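The structure appears below as C-alpha cells.
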Amino acid sequence: MKHTPTIRAELDKYIQQKGLSLAQFGQLAGMNRGIISAIVTGNKSMSVNQLDRITEAMGLPEGEFYDLFIENFIIDHPPNMRRIEPFLFRCAELDRLDAIRRVVGAIMDNLLYSPKLFEIAEGLLSQGRHQAALLLYEGVAEAERYQHSERLAICQYRIFTIKIGDDQSQNVRAAAVFEAFVERLDEIDQLDALKDLANVYRSLRKWDKVDEMARQMRAKAEIQYSLKHQEKRELRDIEKRTRGPLFGYIAYADLLCASVCEARGDYQQALQYTYAYADLDWVKETDEDTRHWVNLFSQWAEGNAYVYKLLSGETNLLNEYVEYIAVTSAANENEKLSKLLNVIIAANQFSINVDDILKRFEKLIGTFSQQPSSDDMYTRQVIPDYIAWFGYELGFYYLHRGKYSDGFKYLMNAMVKSHIINNETYFINCMGLFVRFQAHAVPETKAEYFNLIERVWENNVQKNGAFNHCG
C-alpha cells in the first residue's frame with residue numbers, strides 16, 4: 001500500500017535538517033511556538049494561511065504543498081467548508097486550477113455542499129476569476145443534474161457566459177446546451193438570458209434562432225411589463241435585476257427581428273420592425289433613465305431606417321446617410337463600425353464608387369482592428385463578427401476596382417480575423433475571393449496567403465488529432 005506523505009512530516013524533517021527549534025521556525029513563519037508544535041505533533045489542523053506561511057519560511061514556491069494539503073486535510077477528512085473555502089480562493093489567486101478540480105471532485109458526491117460551492121463560485125466570478133469559478137459551476141451542475149433546480153439553471157447560465165469566446169464553433173455548442181435551461185431560470189433572469197442567446201446566435205448568423213429568441217424575449221417582457229403596471233406597484237427590485245428597463249427588452253426584440261429580416265433580404269419588413277421600436281410612446285415611465293433608453297432606440301432606428309432603404313435600392317440616400325454618420329461620429333466604436341460596414345455592403349451590392357467616403361473616414365477605418373473589451377455579449381460576440389465581415393467587404397470592394405494592394409491587405413486581415421473566431425464560412429469566402437484575384441497578387445502577398453493557409457491547416461491537425469503523414 002502506497003504511503004501518502006504528510007505536510008507535518010515534511011515540516012518536521014525540514015526543522016531537524018536545519019537544526020532549528022520550534023520557536024526559531026515559528027519566528028521565520030510569523031507563528032508562535034505552540035501552533036508550530038501542535039501542527040508537527042498532529043494535534044492541530046492547518047489553515048491555508050498557515051500553510052502559506054510555512055511554505056514561505058521553508059523557502060519553497062507558493063502552493064508547493066497544495067496537493068498534500070488536499071490529501072491530508074480534505075480527502076482524508078469529512079469536508080470542512082471553513083477550511084475549504086479560503087483554500088479555493090487562494091488556489092484561484094495562484095491559478096491552481098488543477099487543485100480546485102481535485103477539491104471539487106473530492107467533495108461533490110454529497111449534494112449538501114452544492115449551495116456553499118455555488119456561493120464560492122459566485123464570489124470568484126465577482127472577482128473576475130472566471131476559469132476558477134467555471135470549475136465550481138460545472139461541479140455543482142453535474143451534482144444537481146437531476147434536481148431541476150433554479151440553482152442548476154443559474155450554473156448553466158454562468159457556464160454559458162464564461163465559455164462564450166472567440167471560437168464560434170465552441171459558442172454554438174455552449175448556446176445549444178444552455179438553451180435547454182432558460183425556462184428553469186427566474187422569469188426576470190430569463191430576459192437577459194434570452195438576450196444573450198440572441199446576440200450569440202446573431203454573431204453566428206443563425207437567424208432562425210435569433211428570431212426564436214427575440215420572440216420569446218418579447219412575449220416574456222410584455223407579460224412582466226403589463227404585470228408591473230396592472231398591479232400598480234413599483235417593482236424596483238425587478239428593474240435592478242435586469243441590465244436595462246423592462247420596456248427595453250420589448251424594443252430590443254423588435255430590433256433583433258429587424259436584423260433577421262435584413263439578413264433574409266426582406267428590407268420592407270425590417271423597416272416595419274424599425275418603426276415599431278422607434279415609436280415608444282406607449283412607455284409609461286418618464287424618469288431620466290427611461291428617456292435615455294428611448295432616445296437610444298430612436299437613434300438606432302434612424303440609422304437603421306437609412307440602411308434598409310439604402311439596401312432596398314434607394315441609393316440616392318447614400319450621401320444623406322454618410323452625413324448622418326458624420327454627425328453621429330461621436331457615438332461608440334461599435335456603432336461606427338456597423339454604419340460604415342453598411343456603406344461598403346451597399347457599394348458592393350449596387351456597384352457604387354465610395355472612394356471619397358472611404359477617404360473621409362480613413363482614420364476611423366484604421367481603428368477597426370481590435371475588439372474593445374467588454375462584458376456585454378453584443379460587444380464580445382457581434383463586433384468580432386462585424387470586424388471580419390468588414391474586412392471581407394472592403395477587400396471585395398478594392399479588388400473589384402483594381403486597387404489590389406489595398407484589397408489584398410483588407411482581405412488578409414479578414415482571413416486572420418475569421419480564423420481567430422473560427423468562422424469557416426468567412427474564411428472560405430476569403431479564400432475564394434483570393435483565388436479569384438490571385439493573378440494580381442505580388443509574390444509577398446501570395447507567400448503571406450499560403451503561410452496563413454499552412455498555419456491554419458497545422459492548427460486543425462493538432463486540434464482534431466489528425467496525423468501529419470509528412471512527419
Side-chain angles (χ1 to χ4, degrees), residues 157 160-161 164 175-176 178-230 235 238-285 289-305 307-308 334-335 338 376-383 385-386:
Y157 191 9
F160 164 71
T161 56
I164 292 299
F178 171 58
E179 194 178 326
F181 292 89
V182 172
E183 290 293 330
R184 299 191 202 177
L185 290 169
D186 177 274
E187 291 175 341
I188 302 303
D189 291 334
Q190 288 179 25
L191 297 177
D192 282 319
L194 288 167
K195 183 179 179 182
D196 286 342
L197 274 169
N199 281 327
V200 170
Y201 282 131
R202 187 179 180 184
S203 72
L204 298 168
R205 311 191 71 71
K206 292 186 173 295
W207 298 112
D208 288 346
K209 280 295 185 182
V210 175
D211 188 63
E212 181 185 344
M213 298 301 108
R215 293 182 186 281
Q216 286 186 34
M217 181 174 69
R218 190 184 214 286
K220 293 176 184 294
E222 284 177 336
I223 291 171
Q224 294 302 319
Y225 193 76
S226 177
L227 286 173
K228 172 181 177 179
H229 291 284
Q230 280 179 7
L235 300 185
I238 288 180
E239 294 285 357
K240 288 178 181 177
R241 285 174 54 195
T242 56
R243 296 185 205 130
L246 280 174
F247 77 84
Y249 294 87
I250 301 171
Y252 192 67
D254 285 331
L255 187 151
L256 288 170
C257 286
S259 69
V260 172
C261 292
E262 177 192 358
R264 293 171 177 170
D266 189 349
Y267 302 119
Q268 292 307 310
Q269 187 59 53
L271 275 172
Q272 295 308 307
Y273 279 116
T274 302
Y275 295 147
Y277 68 80
D279 181 10
L280 298 178
D281 290 343
W282 52 269
V283 175
K284 293 179 170 58
E285 294 84 0
D289 188 52
T290 297
R291 292 195 297 272
H292 166 75
W293 281 101
V294 168
N295 184 55
L296 271 182
F297 279 108
S298 177
Q299 291 176 19
W300 293 334
E302 182 183 5
N304 288 333
V307 173
Y308 301 143
N334 302 345
E335 293 182 21
S338 61
D376 175 65
M377 199 66 74
Y378 177 90
T379 304
R380 287 170 53 197
Q381 294 305 305
V382 178
I383 298 307
D385 179 77
Y386 276 178

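A quick note: this is a predicted structure, and the numbers were derived from the prediction, not measured.
The list of salt bridge (charged side-chain N to carboxylate O under 4.0 Å, His left out) pairs with a residue in residues 245-274, not counting sequence neighbours, reads D208-R264, R218-D254. Judged as a side chain to side chain donor-acceptor pair (under 3.5 Å), the pairs with a partner in residues 271-283 (not counting sequence neighbours) are, in order, R215-Y273, Y277-N304.
Two residues are said to be in side-chain contact when any heavy atoms from C-beta on lie closer than 4.5 Å; M213 and L256 fail this criterion. With contacts defined as side-chain heavy-atom distances shorter than 4.5 Å, the pair R291/V294 does not qualify. Put simply, the side chain of V307 does not reach to within 4.5 Å of the side chain of Y267, judged on heavy atoms. Side-chain contact between R243 and D196 is present, with heavy atoms from C-beta onward closer than 4.5 Å.
Residues A198 and V210 share a closest heavy-atom pair of O-CG2, 3.8 Å. For the pair L194 and Q216, the tightest heavy-atom approach, listed with the atom from each and the gap, is CD2-OE1, 3.7 Å. Between L191 and A221, the closest heavy-atom pair is CD2-N, 3.6 Å. Heavy atoms only, all atoms of each residue included: Y308 and S259 are closest at OH-N, 4.0 Å.
Atom CG of L246 and atom CD of E285 lie 7.5 Å apart (nearest 0.5 Å). Here the straight-line distance linking atom CD1 of I164 with atom CG of N199 works out to 11.0 Å at 0.5 Å rounding. For the atom pair L227 CG and E187 CD, the distance stands at 8.0 Å (nearest 0.5 Å). Here the CD1-CD1 distance, from I223 to I250, works out to 10.0 Å after rounding to the nearest 0.5 Å. Annotation: the span from F160 atom CZ to E179 atom CD amounts to 9.5 Å, rounded to 0.5 Å. Interatomic distance, R202 CZ to K195 NZ, rounded to the nearest 0.5 Å: 11.0 Å.
In this view, R205 and W207, D385, W389, Y426 satisfy the side-chain contact (heavy atoms from CB on, under 4.5 Å) rule, not counting sequence neighbours. Among residues two or more places apart in sequence or in another chain, the ring-ring contact (aromatic ring centres under 6.0 Å, His included) test is passed with Y157 by F178. In this view, A278 and A301 satisfy the side-chain contact (heavy atoms from CB on, under 4.5 Å) rule, not counting sequence neighbours. Residues passing the salt bridge (Lys or Arg N to Asp or Glu O under 4.0 Å) test with K206: none are found, sequence neighbours excluded.
Ring orientation note: the planes of W293 and F297 are tilted relative to one another, at an angle of 30° to 60°.
Both the sub-6.0 Å distance and the 45° axial angle are not jointly satisfied by K220 relative to the ring of Y249.
Atom CD of Q299 sits in a crowded spot, with more than 12 heavy atoms from other residues, nucleotides or ligands closer than 6.0 Å.
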